[in-house]
Amino acid sequence: MKNTKIIQDLEKLGIKGNFEVVYNPSYEELYQAEVSSENQGFEKAELTESGAVSVKTGIFTGRSPKDRYIVQDDVTRDTIFWDGKVNLPTTAEIFGSCKELVLNQLAESKKIYVVDTFCGTNADTRLKVRFIVEVAWQAHFVTNMFIRPSHYELENFGEPDFTVINGSKTTNPNWEAQGLNSENFIMFNLTEKLQIIGGTWYGGEMKKGMFAMMNYYLPLKGMASMHCSANVGEKGDVALFFGLSGTGKTTLSADPKRYLIGDDEHGWDNNGVFNYEGGCYAKVIDLSEEKEPDIFAAIKRDALLENVVVNNGVADYTDGSITENTRVSYPIYHINKIVLPSKAGHAKKIVYLSADAFGVLPPVSILNEDQAQYHFLCGYTSKLAGTERGITEPQPSFSPAFGEAFLTLHPTMYSKTLIGKMQEHGAKAYLVNTGWNGTGKRISLKDTRAIIDAIIDGSIDNAPKTQVPIMNLEIPTELPNVSTGILDPRDTYENASEWEEKAKDLASRYIKNFEQYCDTEEGKKLVASGPQLQEQTI
Ligand SMILES: Nc1ncnc2c1ncn2[C@@H]1O[C@H](COP(=O)(O)OP(=O)(O)O)[C@@H](O)[C@H]1O
Ligand SMILES: C=C(OP(=O)(O)O)C(=O)O
Ligand SMILES: [Mn+2]
């Protein structure tokens, strides 16, 4: 696209100034800009030994849910799920005043990066997203994470469906009078098809911001929109891995035996499962070549490390002194085994990943249809340190659809669309605990990988099974290559009564949490498939 057209577009948005416009820079241009000696403060990037560039994201090293707002107007009033927690309402006026701040910030820049991308693999459902940023590494981040249009597609890009204007260097001085949470803001206006950002430099707001928009548009068209990773085997068998941050979506979907579709955000339409993104965003805390060879190898030229401690050009993945949420983003083709375009057929295996900090959930449970719905609506897990501001140790939480923070519609919209697809295609669901057990340690990655293998090759379905009381879950008692004595969580405690006590506590949390879905007959019916405090008589 011609720069004159881009400048006109910026003017239409209200961004006018003496800046140079850089349109869809190449990786080489991004690199030169990132390491330029003119950079100040958090703009600065550093080359590391692997070839990847490393940056610090500033005060924010994770998302900031309390500063995230959606304009409540005629478009959103009756569609957005105004739960008072995830989707905080704001007015068009307040949005307008924050937008003004962002526009003024960018007008002062020397350089503005405009990056046109796609969110969504399929032409009929993707959003054409335009990012307008002034920090080179932010342009790099979105280039890594979103789908990079071909030259032809860029020539014919046309009008964006959504625009993200990132004014991370500015903050809002009027926040108190406006009744906002702080001087920082992440705001969406669906009428203007605009996201604006101030105060936080963290790239996750742009990535998960557009995910939240896909979570709005796709279910309204009857498609499943999912916070999950996805991969596909030689035979075309697709598996999905749902889970909150840190539960293992990225790690477990990078499986040398299978082809990666994507590590975090997917849709499921009449043709199958498709990725929203063009890259991966992996945690690198304690990363080792031995345990996670694919991710380790993906950290090379064009990858972007965040908040990792670097000593003399060498990244130290063991150092969490900046944050536990150290990250790397890279284009998806840094993983060797991928499918491109990032899509495949219908999913047959659905895995719910839960990192249980209580040590109660079995490492794997086989769910029936009702349980598949029940546990999807519950989304029980622990929030792990780092990805969200203020979370410093594992905190039990119920996150519907394993992605509450990104749901723009009522949770049942996501369960209905997903369960509908699962029934249509005979997909089976499993609940996998990637967290703790009675030993006080996290279940090993090696055991979890062997469990996933057994789910995918079907051996779990033929394994001997038993029923875990209270949690009301069916488990296998033996699986190939899985350590003995871990499959029944009661066996990992010195005294099974310790487990029982914790299980009762967790069960009562499940029961209490589920009350919100009991105002419909459909919801009430599911209660019997969840944890039980009384012995079941049937
Ligand atoms: N049993 C396990 N299963 C999965 N991940 C584990 C396990 N034990 C430890 N981990 C670690 O937990 C983290 C999972 O993070 P990640 O895969 O990035 O999660 P997500 O993509 O769901 O946010 C990784 O750092 C991984 O090494
Ligand atoms: C980037 C994020 O995703 P995840 O931790 O699930 O990879 C996030 O939640 O901000
Ligand atoms: Mn991930």
Side-chain angles (χ1 to χ4, degrees), residues 62-63 144-145 203-204 207-208 211 226-231 240-255 260-266 275-277 279-296 298-299 305-308 317-320 323-330 332 335 351-357 359 361-364 379 381-388 391 394 397 399 401-403 405-406 430-437 439-453 455 481-483 486-487 489 492:
R63 286 178 295 100
N144 280 352
M145 291 311 304
K207 166 191 156 59
K208 283 299 207 299
F211 179 46
M226 312 175 290
H227 188 217
C228 68
S229 60
N231 64 20
L240 304 180
F241 304 86
F242 285 85
L244 268 205
S245 186
T247 55
K249 295 182 298 300
T250 302
T251 306
L252 298 169
S253 60
D255 178 340
L260 181 68
I261 303 170
D263 82 325
D264 200 52
E265 309 169 2
H266 293 82
N275 193 0
Y276 293 169
E277 302 183 285
C280 302
Y281 197 29
K283 287 191 182 48
V284 294
I285 194 75
D286 296 325
L287 181 76
S288 71
E289 185 169 15
E290 182 213 342
K291 280 200 205 140
E292 297 179 65
D294 299 277
I295 293 171
F296 194 89
I299 305 177
L305 292 162
E306 293 175 10
N307 302 316
V308 173
Y317 299 123
T318 64
D319 194 330
T323 172
E324 278 291 303
N325 189 31
T326 54
R327 294 271 184 166
V328 62
S329 69
Y330 46 83
I332 193 158
I335 298 286
V351 179
Y352 301 155
L353 303 170
S354 171
D356 177 20
L361 286 185
V364 59
T381 191
S382 302
K383 282 190 180 170
L384 301 185
T387 328
E388 276 182 23
I391 306 284
S397 95
S399 184
F402 297 96
F406 323 112
Y430 304 83
L431 178 63
V432 169
N433 176 10
T434 61
W436 288 258
N437 63 18
T439 63
K441 290 207 207 92
R442 207 165 160 181
I443 293 162
S444 76
L445 196 46
K446 192 171 157 284
D447 281 324
T448 301
R449 285 200 204 275
I451 286 168
I452 300 294
D453 288 348
I455 291 173
N481 306 318
V482 176
S483 309
I486 69 157
L487 287 168
T492 64

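Ligands are counted one by one from 1 in listed order, and the atoms in each one are counted from 1 as well.
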I'd like to check whether [X] has a polar contact with ligand 1, where a contact means an N/O of the residue lying under 3.5 Å from an N/O of the ligand.
X: Asp264; answer: no
X: Ile443; answer: yes
X: Gly243; answer: no
X: Arg327; answer: no

**Study point:** Best match, Lys283, Lys446, His227, Arg442: closest heavy atom to atom 11 (C) of ligand 1
**Key:** Arg442

Study note, to complete from the structure: Closest to atom 4 (C) of ligand 1 (heavy atoms only, candidates Thr448, Asp447, Leu445) is Leu445

Practice item. Starting at CD of Glu265, measure out to OH of Tyr281 and round the result to the nearest 0.5 Å. Key: 11.5 Å

Review point. Taking atom OG1 of Thr434 and atom NZ of Lys249, what is their separation to the nearest 0.5 Å?
Key: 9.5 Å

Close-contact set for ligand 1 against [X] heavy atoms, below 4.0 Å:
X: Thr251; value: 14 (C), 15 (O), 16 (P), 17 (O), 24 (C), 26 (C)
X: Glu292; value: 26 (C), 27 (O)
X: Leu244; value: 22 (O)
X: Ser444; value: 1 (N)

Point to revise | Residue pair Glu277 / Asp263: nearest heavy atoms and the distance that separates them | key: OE1-OD1, 3.8 Å

**Study point:** Heteroatom N/O/S of Thr250 within less than 2.8 Å of the Mn ion (ligand 3)
**Key:** yes

Point to revise | Proximity to ligand 1 by part of Thr250, non-hydrogen separation under 4.0 Å | key: both

Practice item. Report the C-alpha distance between Asn275 and Ile332 in whole Å, list the side-chain angles of each, state the deciding distance to 0.1 Å, and finish with yes or no for side chain to side chain contact (heavy atoms under 4.5 Å, CB included). Key: CA-CA 11 Å; Asn275 193 0; Ile332 193 158; 4.0 Å; yes

Practice item. Could you please spell out the steps behind the salt bridge (charged side-chain N to carboxylate O under 4.0 Å, His left out) verdict for Lys208 and Asp264? Key: CA-CA 10 Å; Lys208 283 299 207 299; Asp264 200 52; 2.6 Å; yes

